[in-house]
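Following: one structure in structure tokens, then a few remarks.
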Protein chains: 2
Amino acid sequence: MSKSNGRARQRRGSDQPTLAEVAELAGVSPITASRALNTPERVNDATRQRVLDAMDHLGYVPNLVAGSLASARSKFIAVIVPSLANAVFIEVIKGLQSTFESAGYQILLGNTDYDVEREHQLVRTFLGWSCSALVTAGLRHTPACRELLAGCDRPVMEVMELGEAVDLNVGLDHHAAGGRMASHLLERGYRHVVYVGARMADDYRARMRYEGHCKVLETAGLEPSLIELERLGSLEAGAQGLDQVRNDHPDTEAIHFANDDLATGALLHAQRLGLRVPGDIAIAGFNGLSLGQHVTPRLTTIQSPRETIGRIAAGEVIKRLAGSRVNRRRHDVGFHLLEGEST
Amino acid sequence: MSKSNGRARQRRGSDQPTLAEVAELAGVSPITASRALNTPERVNDATRQRVLDAMDHLGYVPNLVAGSLASARSKFIAVIVPSLANAVFIEVIKGLQSTFESAGYQILLGNTDYDVEREHQLVRTFLGWSCSALVTAGLRHTPACRELLAGCDRPVMEVMELGEAVDLNVGLDHHAAGGRMASHLLERGYRHVVYVGARMADDYRARMRYEGHCKVLETAGLEPSLIELERLGSLEAGAQGLDQVRNDHPDTEAIHFANDDLATGALLHAQRLGLRVPGDIAIAGFNGLSLGQHVTPRLTTIQSPRETIGRIAAGEVIKRLAGSRVNRRRHDVGFHLLEGEST
DNA sequence: TACAACGATGATAGCGCTATCATGGTAGCG
DNA sequence: CGCTACCATGATAGCGCTATCATCGTTGTA
């Protein structure tokens with residue numbers, strides 16, 4: 001009884017048709033069917049059409065897992081970001097996705113929640129998926145993770161900030177950006193300036209901007225002061241930041257927020273409190289989110305080209321994957337000051 | 001010469017160590033090494049430790065592609081959304097991701113740009129990756145795509161709205177939500193109400209809300225009017241919507257916007273124009289984004305539990321994958337009216 | 001003490017595809 | 001007309017892993 005089914009070892013993964021069945025229906029060998037799909041120019045037009053018809057007829061869906069195993073590479077690009085809550089990373093992802101998808105790559109998205117151990121774990125998983133390249137936000141990794149990235153023999157793109165990258169690097173100089181805004185505030189005549197950041201132990205790019213900010217203030221002979229919020233950037237937190245500044249540093253003339261979410265939250269809160277901006281207090285942000293340009297007064301901020309970062313990063317990776325030597329390993333996308341009326 | 005290298009057929013995909021090498025070092029068979037990783041409870045503790053040590057020593061990274069091929073299933077969950085520009089989908093994705101990742105699943109993200117053909121293509125690709133389940137935003141697909149989903153023999157979760165789903169369904173009743181807001185506006189005494197949407201041919205959930213809105217107005221003996229914007233929801237478009245309403249329907253008392261981005265854009269624009277909200281014009285939105293609750297007056301809107309949708313959807317899919325029969329195939333997450341001062 | 005039950009491990013055979021080499025046919029060339 | 005060059009196609013052999021069945025002790029129970 002148990003032997004009645006002669007092929008007990010049969011363990012087809014699914015009832016999906018396979019390339020072999022397509023090939024049989026089309027009257028060609030499996031490898032020709034494979035070529036009809038992957039390198040159509042190497043197959044006679046008529047043959048190819050016959051194969052495609054057979055695929056259509058059977059409702060064939062290529063098993064990409066098998067293809068990847070056989071060819072030892074997949075059309076996956078691993079993208080690792082620290083957070084999805086932050087519009088900044090979303091926009092970078094958009095830039096990456098549109099470019100990669102149009103080149104036929106599929107994005108594998110990982111979220112570290114600002115945890116470098118988690119990042120290491122994700123890198124391992126993605127390498128296990130034979131991804132063609134990795135894109136990760138930031139230059140900070142655990143030593144083991146950095147080693148893994150350096151030795152993994154595929155393009156590694158680190159985006160957002162510039163510095164000592166493992167391989168490719170697209171971003172901007174956050175230190176300079178923070179300094180630029182501080183200079184702007186000083187030019188406007190503000191002397192009592194406070195920097196407000198959120199969870200800066202995690203958000204080290206905000207800390208880099210703060211360092212740039214400090215340097216400028218110190219050069220001008222001013223004492224920098226910092227308020228650090230517990231919660232990550234949000235309108236909520238920005239409002240709270242404003243309250244805290246008014247409480248701890250009542251003589252403050254201008255607040256330099258670590259990002260636009262905080263700054264806009266503070267600006268809207270100031271309106272509720274009946275404060276004049278910038279008359280009573282000036283407010284500046286960072287990022288150049290659309291939101292900040294729709295409030296009154298418009299937010300003074302630093303425009304960072306986020307979607308562009310994604311697009312350029314994807315472009316460079318694609319170039320590299322296509323085999324062309326990439327000339328520039330580091331790419332500074334720059335930034336510019338957007339002067340609103342809030343300062 | 002060409003034969004000197006006896007094993008010319010050698011084509012190792014990479015120089016990564018394999019399970020076989022790990023097994024050899026640990027002095028066990030490959031299958032035991034595999035079990036040490038995947039079903040540790042079926043391996044003697046000492047043996048398992050020896051295997052894990054060997055893995056550590058060699059820097060072994062499991063080839064998940066090979067594993068998926070052999071086992072005919074992957075730890076991938078396909079997630080297909082129409083847009084990444086819209087905060088709503090981002091939040092759903094966050095809910096999905098946190099839940100799926102903690103259950104050991106990896107998300108494959110696809111973006112259709114509101115194109116059902118593109119969706120079909122993505123479904124094919126993801127099925128080709130042997131994903132364990134598919135989550136897609138919305139119930140509208142091409143017939144071929146729907147057929148593919150129905151026949152693919154794994155959990156299919158359709159989120160956002162409720163209706164005739166292929167398999168599982170988590171969402172809310174957009175028709176009712178649109179009606180609820182219309183009722184609110186009528187209760188407030190507004191009679192000249194305009195609905196403003198953006199690209200509603202694509203955003204058919206906005207159209208469903210509009211239909212609910214119309215029904216309520218018609219029941220009250222009022223004539224609904226609609227303004228449709230070309231651009232997708234954004235603060236920018238909302239401002240433009242307000243201008244257009246004031247131009248085309250100067251006697252309008254209240255505007256029911258298709259979403260909070262539009263509504264907030266209009267609200268901020270009204271402030272710039274010196275209009276009183278709701279004195280000169282009342283404004284309502286949909287979604288309950290945090291932004292709308294930080295402007296003055298606070299936006300009246302409908303709170304949709306977006307991250308919850310993602311979390312519940314992921315939970316149901318995981319239950320199904322774990323083998324337990326899912327009792328409820330449809331799950332209404334509901335909504336509630338958030339009364340701000342803008343109406 | 002015999003035998004079923006179970007726990008730990010191994011041998012074998014693929015999963016569905018593609019890299020590699022091989023083959024037969026046709027065109028180009030002196 | 002013989003030769004190389006190239007094009008279209010096929011045969012073979014894996015990619016690295018796991019499903020399945022088999023094996024061999026060790027326990028527990030009658």
Side-chain angles (χ1 to χ4, degrees), chain A residues 2-3 5-24 26-51 55 58 60-75 127-130, chain B residues 2-3 5-24 26-51 55 58 60-75 127-130:
Chain A
S2 67
K3 291 196 70 179
N5 175 349
R7 300 212 47 73
R9 291 301 273 290
Q10 186 79 17
R11 60 179 174 88
R12 279 286 295 280
S14 66
D15 44 11
Q16 290 284 335
T18 68
L19 239 204
E21 296 170 46
V22 169
E24 186 173 2
V28 297
S29 73
I31 188 67
T32 301
S34 167
R35 282 195 273 251
L37 220 46
N38 300 315
T39 51
E41 72 281 2
R42 307 177 124 286
V43 176
N44 181 293
D45 282 356
T47 312
R48 179 162 44 80
Q49 197 51 55
R50 217 150 17 95
V51 172
M55 288 178 175
L58 294 175
Y60 172 71
V61 177
N63 184 327
L64 302 173
V65 177
S68 295
L69 179 60
S71 63
R73 60 203 148 70
S74 74
K75 288 291 237 176
L127 286 176
W129 282 112
S130 303
Chain B
S2 66
K3 292 196 70 179
N5 176 350
R7 300 212 48 73
R9 290 301 273 288
Q10 187 78 16
R11 59 178 175 87
R12 278 286 296 282
S14 65
D15 44 11
Q16 290 283 336
T18 70
L19 240 203
E21 295 170 46
V22 169
E24 186 173 2
V28 297
S29 72
I31 188 67
T32 300
S34 167
R35 282 196 273 251
L37 220 46
N38 300 315
T39 52
E41 71 282 3
R42 305 176 126 287
V43 176
N44 181 294
D45 282 357
T47 313
R48 180 162 44 78
Q49 197 50 57
R50 217 152 14 99
V51 172
M55 287 178 175
L58 294 175
Y60 173 72
V61 178
N63 184 327
L64 302 173
V65 177
S68 297
L69 178 60
S71 64
R73 60 203 148 70
S74 75
K75 288 290 237 176
L127 287 176
W129 282 110
S130 305

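Residue numbers begin at 1 in each chain, while the letters A, B, ... track the order of the sequences.
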Name the nucleic acid region contacted by [X], choosing base, sugar-phosphate or nothing; use a 4.0 angstrom heavy-atom cut-off, strictly under.
X: A/Thr47; answer: sugar-phosphate
X: A/Val65; answer: nothing
X: B/Val43; answer: sugar-phosphate

Heavy-atom side-chain proximity of A/Arg50 to A/Val28 below 4.5 angstrom: yes
On the nucleotide [N], are OP1 or OP2 found under 4.0 Å from the side-chain N or O atoms that [X] carries?
X: A/Ser34; N: C/dC17; result: no
X: B/Thr32; N: C/dG10; result: yes
X: B/Asn38; N: D/dT18; result: yes
X: A/Arg73; N: C/dA19; result: yes
X: B/Tyr60; N: D/dC17; result: yes

Rounded distance (Å) that lies between atom [atom2] of [N] and atom [atom1] of [X]:
X: A/Ile31; N: C/dC17; atom1: CD1; atom2: P; value: 11 Å
X: B/Arg48; N: C/dT9; atom1: CZ; atom2: C1'; value: 15 Å
X: A/Asn44; N: D/dC7; atom1: CG; atom2: P; value: 13 Å
X: A/Leu58; N: C/dG16; atom1: CG; atom2: P; value: 14 Å
X: A/Asn63; N: C/dG14; atom1: CG; atom2: C1'; value: 14 Å
X: A/Glu24; N: D/dG10; atom1: CD; atom2: C1'; value: 15 Å
X: B/Arg35; N: C/dT9; atom1: CZ; atom2: P; value: 8 Å
X: B/Arg50; N: C/dA8; atom1: CZ; atom2: C1'; value: 12 Å

Between [options], which nucleotide has the shortest distance from any of its atoms to the side chain of [X]?
X: B/Ser71; options: D/dA19, D/dT9, C/dT9; result: D/dA19
X: A/Ala66; options: D/dT20, C/dC17, D/dC15; result: C/dC17
X: B/Leu19; options: D/dC17, C/dG10, C/dT18; result: D/dC17
X: B/Ala70; options: C/dT20, D/dC15, D/dC17; result: D/dC17
X: A/Val28; options: D/dG10, D/dA8, C/dG10; result: D/dG10

Non-hydrogen atoms of [X] and [Y] that approach each other most closely:
X: A/Asn63; Y: B/Leu69; answer: ND2-CD1, 4.2 Å
X: B/Val22; Y: B/Val51; answer: CG1-O, 3.9 Å
X: A/Arg48; Y: A/Ala36; answer: CD-O, 3.7 Å

Between A/Glu41 and B/Ala33, which has a closest nucleotide on DNA chain D that is more 5'?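 By nearest-heavy-atom nucleotide position, the 5'-most residue is A/Glu41.
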State whether the side chain of A/Ser74 and the backbone N or O of A/Ser68 hold a donor-acceptor pair below 3.5 Å, judged by distance alone.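 No; judged by distance alone, with no hydrogens or angles, the pair does not exist.
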Is atom CD of B/Glu24 surrounded by more than 12 heavy atoms (other residues, nucleotides or ligands) closer than 6.0 Å? no
